[in-house]
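What follows is a set of notes on a single structure, which appears directly below.
For this chain, numbers begin at 1 and follow the sequence in order. No hydrogens, no waters, no symmetry mates; every other heavy atom, side chains included, goes into these values. Since we're looking at a predicted model, the values are computed, not measured.
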Amino acid sequence: MLFEFDADQRLLRDTVREVTVKECPPAVIREIVDAGADPGRLWKTYIELGWTELVEPDATVELGIVLEGLGRATDPTPYLATMTQFAPLAGDSVTADGTGAAVFEGVTATRDGDGWLLNGSAVPVLDGDRCDRLAVVTEAGVFVVPAHAVTARRTDAFDPVLHLAEVTFGAVRVTDGDRTAADPERARQLALTGLALTTVGACQRVLDLVLEHVRTRRQFDSPIGAFQAVQHKATDMHLAIERARALGYFAALCLAEDDPRRKLAAAMAKAAAGECQSTVFRHGVQLFGAMGFTWENDLQFAIKRAKAGELLFGGAARHRAVVAAEYLATAR
């Protein structure tokens with residue numbers, strides 16, 4: 001495995017940064033939150049750049065690069081759900097311009113003649129209220145259903161930019177032709193890895209804002225960044241981010257190469273990202289002082305995205321338990 005980006009990957013990283021700075025600045029996020037603006041223009045940009053075509057397993061690292069960059073920008077589109085949750089379950093039915101969401105549990109499938117009936121509900125479903133189709137994991141397999149066949153209601157979320165929904169299936173009829181051959185376990189691992197790298201991107205944004213602030217904020221005729229206590233906190237944030245980033249890309253590499261350690265790697269990445277956001281959240285708000293709590297400060301968007309990434313699909317404690325179980329099973 002190569003643990004450094006090649007020239008093409010570095011170019012992609014820089015391109016994602018340039019595009020998000022231009023097309024998705026904090027002013028756009030505020031417009032979406034405050035005025036309900038449509039992020040459709042951004043989604044079209046991603047399609048034109050080919051970012052929605054990164055669905056093959058060998059493109060997982062490149063997908064991770066895009067996800068980290070979009071996490072840093074508090075991306076308001078359905079990219080995360082479509083690419084890391086729906087796409088790995090939908091198989092050949094994925095289209096470059098369609099949006100999707102995934103339901104991993106809470107729905108049952110029962111035989112009904114030559115078809116199946118799906119019943120149940122799931123919450124929270126990322127982007128379940130604004131997707132074109134949903135991939136649904138049941139004991140009978142994975143089915144792809146159109147969004148109009150279900151009832152979806154957006155629910156409150158810590159991150160006001162994210163769309164989380166309660167999705168209800170009331171005797172939704174599907175056929176064997178709607179079933180895919182996807183591996184739900186691998187799809188869940190990609191979902192965890194995607195969330196981990198999104199969280200890393202959000203945490204990096206917090207650190208960038210903090211460093212800018214401590215260089216310009218002055219006390220006792222000196223920038224507060226000159227004080228050792230401030231430097232220690234910034235260093236702790238940097239180390240936590242680098243650790244989580246390394247584990248996130250290790251998980252992406254394992255998925256790209258179908259390495260047998262991919263389950264362990266995905267759990268490690270999600271756990272590290274959760275621990276990272278805790279450190280970054282605490283120090284980031286403290287170093288900004290009272291300003292860190294205000295709506296006018298852009299810090300809030302990155303912090304909320306990082307915290308949401310920790311809460312979705314289980315927190316750090318849950319995934320540390322998975323890591324421990326994997327090591328214990330190997331030791332026996």
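- Electrostatic pairing of Asp75 and Arg305 does not count as a salt bridge here, judged by no charged N lying under 4.0 Å from a carboxylate O.
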request  = Test Arg173 against Asp114 for salt bridge (Lys or Arg N to Asp or Glu O under 4.0 Å), laying out the working first.
outcome  = CA-CA 10 Å; Arg173 184 171 178 79; Asp114 60 351; 2.9 Å; yes
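- Between the OG1 atom of Thr74 and the CD1 atom of Ile29 there is a distance of 5.5 Å, given to the nearest 0.5 Å.
- A side-chain donor-acceptor contact under 3.5 Å links Thr99 and Asp132.
- Side-chain N/O atoms of Gln189 and Lys263 include no donor and acceptor closer than 3.5 Å.
- Ion pairing between Glu23 and Arg41 holds under the 4.0 Å rule for side-chain N and carboxylate O.
- Put simply, CD1 on Ile303 and CG on Asp159 are 11.5 Å apart, with the number rounded to the nearest 0.5 Å.
- For the 3.5 Å distance criterion, the side chains of Asp176 and Trp116 qualify, holding a donor opposite an acceptor.
- A distance of 10.5 Å separates OG1 in Thr95 from CD in Glu53, rounded to the nearest 0.5 Å.
- A 4.5 Å side-chain heavy-atom check between Val174 and Phe169 finds every atom pair outside the cut-off.
- Screening Val55, Leu54, Ile65, Leu190 for a side chain to side chain contact (heavy atoms under 4.5 Å, CB included) involving Thr60 leaves a single residue, Leu190.
- A salt bridge links Glu242 and Arg245; the closest N-O separation between the charged side-chain nitrogens and carboxylate oxygens is under 4.0 Å.
- The minimum heavy-atom distance between Phe288 and Leu209, with the atom names listed, is CZ-O, 3.5 Å.
- Distance check, rounded to the nearest 0.5 Å: CG of Leu253 to CZ of Arg261 gives 9.5 Å.
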